[in-house]
Amino acid sequence: MDEILAEYIRRTVLKIPRDEIKTVLQTWGFLSEAQLQTVNFHQIKENISQDVVRLCEENSADIKQAAVLDIIYNHIYSDKRVWSVYQMSKTGEETEFFDLTDFKKKFKRRLRSALKNVTINFREYEDNSIWIRIAWGTPYKKPNQYKSSYVVYHSQTPYVFISASVLKSTLPLLCQALVVASNYRDIREMELRSHSLNSLKDIVFKRYSQNFQTYYPRPLQERNVAPESADLRIVQENRHEKERIERVNRKVFGDGPQPKLEFAQYKLETMFKSDPKMGVLDKKEPFRCLVKFSSPHLLESLKSLAPAGMADAPLSPLLTCIPQKARNYFKIREKKGIFPGSFVSP
């Protein structure tokens, strides 16, 4: 085992929390239980990593085994990466039998036909997900194992979750290989990003039970209140309004925790409304813009706006429809005749 590989294994071990190193190595399965018994997992991590490297040298570890360890680490600690959602599409609606062996063969052939210096590793999991690790090189340099891309593909679905490396030029090659290997026609990014891979899966696989209904603000009613009862009425109205906000918020967002979404964007197209006599618009051209949202926990942030008094309840469907519109590439238009703030897909 050369020094470069030994250093890579050492750094991978150092990334794992000390109390979980033994469990991760047992999941890896490359080192025997007898070998693991020789390691003192209560010492500092640097010493643990050195002991693991020594055992890997005894077993003649290669880059394939090291890549598997890295996949296991990223599977357990997937929130360390930023994931983007892509959706593939076919010409027809026909379903085909998925052959994993054929998928791997086509994927490797496509990537290696475009780039020779690349390492590709696969690992299957019980939820029908296929984890793919790709370390990229150049025509003149070996693959950089520290800047690998990750792909999580669920067979029999059109959805792919990608955590790309810093090499943006490799993303088109990766997408082409996915389309060819899975027998789809094209692939598009859904502009949906998060550190929480499971939350992205909840949204695109419709495992999220948010209610997508449109509520209209209740108009305030004027009342003739006697001066002596004004304070009491104000307290009662504040309490009733707080209860109404909580009730409406619960109907819109549901009772459970929100998926951890950190980024969303979509295209908005609307028409200006003005007096024709003013001549402000000579042509009836729509106004187009790109709307972006970002937050450490976007949906929980939106959910807290009304109770905090920072927005009226209910929130505009422009905000509450984000998970639903994510499945439609976030293409949203405001159409004439629809209540302001209501948006529908084109």
Side-chain angles (χ1 to χ4, degrees), residues 1-33 35-84 118-127 129-137 141-153 161-168 170-171 174 193-201 260 262-263 296-297:
M1 189 170 70
D2 60 31
E3 293 182 1
I4 296 177
L5 180 57
E7 178 64 13
Y8 180 72
I9 293 176
R10 188 186 71 86
R11 292 192 187 184
T12 303
V13 174
L14 287 175
K15 291 189 298 184
I16 308 170
R18 190 182 65 174
D19 294 341
E20 300 177 29
I21 292 177
K22 184 176 181 179
T23 302
V24 173
L25 294 178
Q26 288 173 330
T27 303
W28 185 26
F30 180 67
L31 303 178
S32 68
E33 193 65 32
Q35 288 178 310
L36 293 178
Q37 293 295 333
T38 65
V39 180
N40 177 12
F41 290 99
H42 299 289
Q43 60 184 325
I44 63 174
K45 288 173 66 175
E46 178 61 38
N47 292 342
I48 296 174
S49 66
Q50 295 289 354
D51 290 344
V52 171
V53 169
R54 174 179 53 80
L55 294 174
C56 288
E57 288 177 337
E58 293 178 3
N59 290 11
S60 301
D62 58 19
I63 188 58
K64 182 177 181 180
Q65 280 79 31
V68 171
L69 176 60
D70 190 54
I71 293 176
I72 293 171
Y73 169 81
N74 280 275
H75 178 262
I76 297 174
Y77 306 102
S78 60
D79 59 346
K80 301 295 183 181
R81 288 178 166 266
V82 177
W83 299 90
S84 299
V118 60
T119 58
I120 307 167
N121 299 91
F122 300 87
R123 186 175 176 87
E124 306 164 54
Y125 284 92
E126 295 179 354
D127 60 349
S129 65
I130 304 164
W131 281 65
I132 311 172
R133 177 186 181 275
I134 307 101
W136 306 93
K141 292 183 180 180
K142 292 182 179 180
N144 186 342
Q145 303 299 331
Y146 295 99
K147 296 180 180 179
S148 57
S149 297
Y150 269 86
V151 175
V152 180
Y153 173 54
F161 306 88
I162 299 178
S163 178
S165 67
V166 294
L167 303 174
K168 300 298 183 181
T170 61
L171 187 58
L174 179 55
R193 244 171 272 155
S194 176
H195 281 88
S196 177
L197 178 60
N198 289 333
S199 291
L200 294 177
K201 290 182 180 181
K260 190 175 181 181
E262 298 174 50
F263 173 87
H297 203 324

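Side chains included, hydrogens not; waters and symmetry mates left out as well; all remaining heavy atoms used.
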With Leu14, which residues qualify under side chain to side chain contact (heavy atoms under 4.5 Å, CB included), at least two apart? Arg10, Lys45, Glu46, Ser49
Here the gap from Leu174 atom CG to Trp136 atom CH2, rounded to the nearest 0.5 Å, amounts to 5.0 Å
How far apart are the C-alpha atoms of Thr119 and Gln145, what are their side-chain angles, what is the distance that settles it, and do they pass the side chain to side chain contact (heavy atoms under 4.5 Å, CB included) test? CA-CA 9 Å; Thr119 58; Gln145 303 299 331; 3.5 Å; yes
Spacing of Met1 atom CE and Glu7 atom CD [to the nearest 0.5 Å]: 10.5 Å
Here the pair of heavy atoms bringing Pro143 nearest to Ala135 is CB-O, 3.4 Å
Roughly how far apart are Arg11 CZ and Ile16 CD1, rounded to 0.5 Å? 15.0 Å
From the list Asp51, Leu69, Ile9, Val13, side chain to side chain contact (heavy atoms under 4.5 Å, CB included) with Cys56 holds only for Ile9
Around atom CD of Glu3, are there more than 12 heavy atoms of other residues, nucleotides or ligands at under 6.0 Å? no
Please name all residues satisfying ring-ring contact (aromatic ring centres under 6.0 Å, His included) with Tyr150, sequence neighbours left out, ordered by chain then number. none
Between Asn59 (side chain only) and Ala61 (backbone N and O only), is there a donor and an acceptor less than 3.5 Å apart? no
Residues 18-25, side-chain donor-acceptor partners within the protein, below 3.5 Å, at least two apart:
unit_1, atom_1, unit_2, atom_2, d
Arg18, NH1, His42, O, 3.2
Arg18, NH1, Gln43, O, 3.4
Glu20, OE1, Tyr77, OH, 2.3

Could you tell me whether the side chain of Tyr8 reaches within less than 4.5 Å of the side chain of Thr12, counting heavy atoms only? yes
Regarding Trp83 and Ser78, is there a side-chain donor-to-acceptor distance under 3.5 Å anywhere? no
Taking all non-hydrogen atoms of both residues, which atom of Ser196 and which atom of Ser199 are closest, and how far apart? OG-OG, 2.9 Å
Residue pairs passing the salt bridge (charged side-chain N to carboxylate O under 4.0 Å, His left out) test with at least one member in residues 67-77, sequence neighbours excluded, are Lys15-Asp70, Asp70-Arg133
Rounded to the nearest 0.5 Å, what separates atom CD1 in Ile71 from atom CD1 in Ile76? 12.0 Å
If you round to the nearest 0.5 Å, how far is NZ of Lys80 from OG of Ser163? 13.5 Å
For Ile4 and Lys142, run side chain to side chain contact (heavy atoms under 4.5 Å, CB included): C-alpha distance rounded to whole Å, both residues' side-chain angles, the deciding distance at 0.1 Å, then the answer. CA-CA 12 Å; Ile4 296 177; Lys142 292 182 179 180; over 6 Å; no
Under the ring-ring contact (aromatic ring centres under 6.0 Å, His included) test, residues paired with His75 that sit two or more places apart: Tyr125, Trp131
Indicate the atoms forming the closest heavy-atom contact of Leu31 with Val52, along with that distance. CD1-CG1, 4.2 Å
For Lys141, the side chain to side chain contact (heavy atoms under 4.5 Å, CB included) test, sequence neighbours excluded, returns Thr138
Tyr153 backbone acceptor or donor facing Ser129 side chain under 3.5 Å: no
Spatial distance of atom CG (Leu5) from atom CD1 (Ile63) [nearest 0.5 Å]: 5.5 Å
With the side chain counted from C-beta on, respond yes when Val68 and Phe30 share a heavy-atom pair under 4.5 Å apart, and no when they do not. no
Mind listing the closest non-hydrogen atom pair of Ala67 and Asn121 along with its distance? CB-OD1, 3.2 Å
Check whether any side-chain heavy atom of Thr38 lies under 4.5 Å from a side-chain heavy atom of Leu55, and answer yes or no. yes
Heavy-atom closest contact (Arg193 atom, Val82 atom, distance): CG-CG1, 4.0 Å
Could you tell me whether the side chain of Arg81 reaches within less than 4.5 Å of the side chain of Leu197, counting heavy atoms only? no
Between Trp28 and Ala66, what is the shortest heavy-atom contact and its length? CZ2-N, 4.5 Å
